[in-house]
Trainee: 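Here it is, the structure, as structure tokens.
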Number of protein chains: 2
Amino acid sequence: MSGKRVGITDVAAAAGVSITTVSHALSGQGKVNDRTRQRVIDVAAELGYAPNRLASGLRSKRTGIIGLVSDEVATTPFAGRIVLGAQEAASDRGWLVVVVNSGGDRLIEQRQLASLLAQQVDAIVYATMSHRPSSLPTALRTIPTVLVNTHDESIDASWIVPDSFTIGTDATRHLIEHGHERIAHLTIAESGLGRDGRVAGYRAAMEEHGHSPIIVSTPEGATAVGGREAAEQLFERHPDVTAAFCFNDQMAMGLYQVAALRGVQVPDDLSVVGVDNLDLVAAALLPGLTTVALPHYEMGRWAIDQVARLLEHEDPPPAVHERYRCELIERDSVARPRG
Amino acid sequence: MSGKRVGITDVAAAAGVSITTVSHALSGQGKVNDRTRQRVIDVAAELGYAPNRLASGLRSKRTGIIGLVSDEVATTPFAGRIVLGAQEAASDRGWLVVVVNSGGDRLIEQRQLASLLAQQVDAIVYATMSHRPSSLPTALRTIPTVLVNTHDESIDASWIVPDSFTIGTDATRHLIEHGHERIAHLTIAESGLGRDGRVAGYRAAMEEHGHSPIIVSTPEGATAVGGREAAEQLFERHPDVTAAFCFNDQMAMGLYQVAALRGVQVPDDLSVVGVDNLDLVAAALLPGLTTVALPHYEMGRWAIDQVARLLEHEDPPPAVHERYRCELIERDSVARPRG
DNA sequence: ATGAAAGCGCTAACAA
DNA sequence: TTGTTAGCGCTTTCAT
């Protein structure tokens, strides 16, 4: 409509007060008479005034922008959930989040991080998709940082990771509770925080019930193709298993496929449990896949909550470390074993 | 390391020049002696100086931040590709992208947009996931805007959408070229730009070869469940079709499932083509799904290129409208019909 | 080719 | 409770 942008001076003039009073009235900081405050608010609304966050940030050293650094944000559908959680939590506080991703490249990461710092972001959320211990860029020591899906002992930062061990125990016990004894675990060959914890949890649950663990791992990676490869091994070497706990939903998809080719019915001949609760897979499979949900959205929110905690105290509060207990989502891929 | 942040003044002092000269030397704006420039650059690097983008933005009216508004960014895996494309293109120019999503809620959208404007973003990329004509928030008239996956006649903004019609013709012709004549199109009941164009393209390709169109639509939505529902209809009412072109990969997944239950083999008994080229589905299905790739990444890049074009000219250049020709990705779900 | 000075639009001290 | 005055760290005139 009007050509010129309306600034705080315009509001002050229109309300007949000083710009300081406008600033105070709108930010709720200083003491302002309620009647004055209301008038200022009304005038500001009428004029369509919105504070220039650049100017206020320059002065107050707070931009209300949080940088979210990820290694491969858009390549995995999980990442989006982390970002969404962070954004919604940020939005609740009137903050913005700017996402950069490095694709795993250290150099790019460094450049992106420099961009964020130059932009005077208030804090950094550093999320990896791979849940491996990461050695953080040193630039992060300068600024409040929260880690998601990874941790780093060399820095005093809060972090949150899914509790991999209980993912393994919960999934396995769920199968045991349904009467299964010969339960295999299909996983990837490559070691990693997410993998190793689940394997250990599976082992523990099997052993506590006196069942011997059957672990099949594939060098293929945690995809449907890897799942197929592992499934072939499984049917060759352990044709008598009645249930399988898979490293993730995609591997479970591969297992479904090989099972179908061999005339093995899920869940009547074989019960299956996955990990991720990836809608596109877990809910889409037939029968629907029972799986342990990874709390990506929640971790994103948690990270912003931690940032808020860091930012509201002048002296940095101690770092918080959390292993999030994941939830088993029941669908139709688990049944009692036959006869 | 050092406690205080290094500013332009520190660099000026260390290099023995004025801050004006530092600014000129680093930005490449004014005329500076090459030797002076080099010295400034060296000193700046040595000190680890990085300009405060808040301060420079406040003065120069350019923040180097692009706002990306989406209706449901993280709920779909496609969205991530748009964001990634935009981010990478932005990063090439030293820009940052801040992503907000409204979840389709007008009120939230308005609030988020206000946040972006208050943050003085240089431009807005407005992306919908649904590819429907959107009536844009009026706030967008104030600022350079580029539309992705949608278009709006009420505003003079550039936009890009996938060419739905040729998706339909290309997919259908591909099947026809493989010798199929009785080809069904499985789609959703709800009308929309993406859907209607594909249907029209399918019709056109069928008719140009004298084949009669067989369209099966489901009220269920474009998911595996919807695909199953449509597939049931298909097998009941048109048991003689030899090929199916599905609205998207997820529906194709549903078709695979029902086909398997009925003992119909893909591709020997039934050839299938999808749309999306969603890795998690198209590449994961067995056999791999031949599908038309939607250019989400490319559209994200394109949007930022357009923003750059808008920003470098003082007077706004005319809007550009593009229908992106999509590529067919061949996998293993198409074969010649049986004898 | 270089520098001095003015301000971008706001908030934080400080005074009144 | 309100207003005055300094800046925040940079880029931009405009001199020199």
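Remember, it's a predicted structure, so these values are computed and weren't measured experimentally. The chains referred to below are lettered A, B, ... by the order of the sequence lines, with proteins before strands, and numbering in each begins at 1.
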Trainee: Taking atom types as modelled, find out whether T63(B) and D122(B) have a side-chain donor-acceptor pair closer than 3.5 angstrom.
Mentor: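 Note: T63(B) and D122(B) side chains meet the donor-acceptor criterion.
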
Trainee: Which pairs pass side chain to side chain donor-acceptor pair (under 3.5 Å) with one or both residues in residues 310-320 of chain B, sequence neighbours excluded?
Mentor: none

Trainee: A55(A) has a side chain; which of dG9(C), dT13(D), dT2(D) sits nearest to it?
Mentor: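 Closest nucleotide among those given: dG9(C).
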
Trainee: My understanding is that only residues two or more places apart in sequence, or in another chain, count here; which of them pass ring-ring contact (aromatic ring centres under 6.0 Å, His included) with W159(B)?
Mentor: H151(B), H321(B)

Trainee: For the helix from dA1(C)-dT16(D) to dA16(C)-dT1(D), what angle lies between the axis at the first five pairs and the axis at the last five pairs, to 10 degrees?
Mentor: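 The angle separating the two end axes equals 30°.
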
Trainee: On DNA chain C, nearest-nucleotide positions of G57(A) versus T21(B): which is more 5'?
Mentor: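 Its nearest nucleotide being more 5', the pick is T21(B).
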
Trainee: Expected output is a numbered-order residue list: members of residues 58-66 of chain B with a heavy atom under 4.0 Å from any atom of DNA chain C. What is it?
Mentor: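 Within this stretch, L58(B), R59(B), K61(B) sit under 4.0 Å of the strand.
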
Trainee: In terms of side-chain heavy atoms of S56(A), which of dA1(C), dG3(D), dC10(C) is nearest?
Mentor: dC10(C)

Trainee: For the pair made of NE2 in H24(A) and P in dC14(C), what is the distance, rounded to whole Å?
Mentor: 13 Å

Trainee: Rounded off to whole Å, could you give me the CD1-to-C1' distance for the I19(A) and dG9(C) pair?
Mentor: 8 Å

Trainee: Strictly below 4.0 Å: does T20(B) bring a side-chain N or O up to OP1 or OP2 of dT2(C)?
Mentor: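 It does not, given that no N or O in the side chain of T20(B) lies less than 4.0 Å from OP1 or OP2 of dT2(C).
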
Trainee: Going by salt bridge (charged side-chain N to carboxylate O under 4.0 Å, His left out), name the residues that satisfy it together with E109(B), two or more places apart in sequence or in a different chain.
Mentor: R106(B)

Trainee: Less than 4.0 angstrom between a side-chain N/O of S23(A) and OP1 or OP2 of dT11(C), yes or no?
Mentor: yes

Trainee: Which parts of residues 33-51 of chain B get close to DNA chain C, meaning a heavy atom less than 4.0 angstrom away?
Mentor: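 Result for residues 33-51 of chain B: N33(B), T36(B), sorted by number.
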
Trainee: Judged by modelled atom types alone, do R53(A) and S115(B) share a side-chain donor-acceptor pair under 3.5 Å?
Mentor: no

Trainee: Determine whether more than 12 heavy atoms belonging to other residues, nucleotides or ligands lie under 6.0 Å from atom CD of E46(A).
Mentor: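 No, because the 6.0 Å sphere around CD of E46(A) holds 12 heavy atoms or fewer from other groups.
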
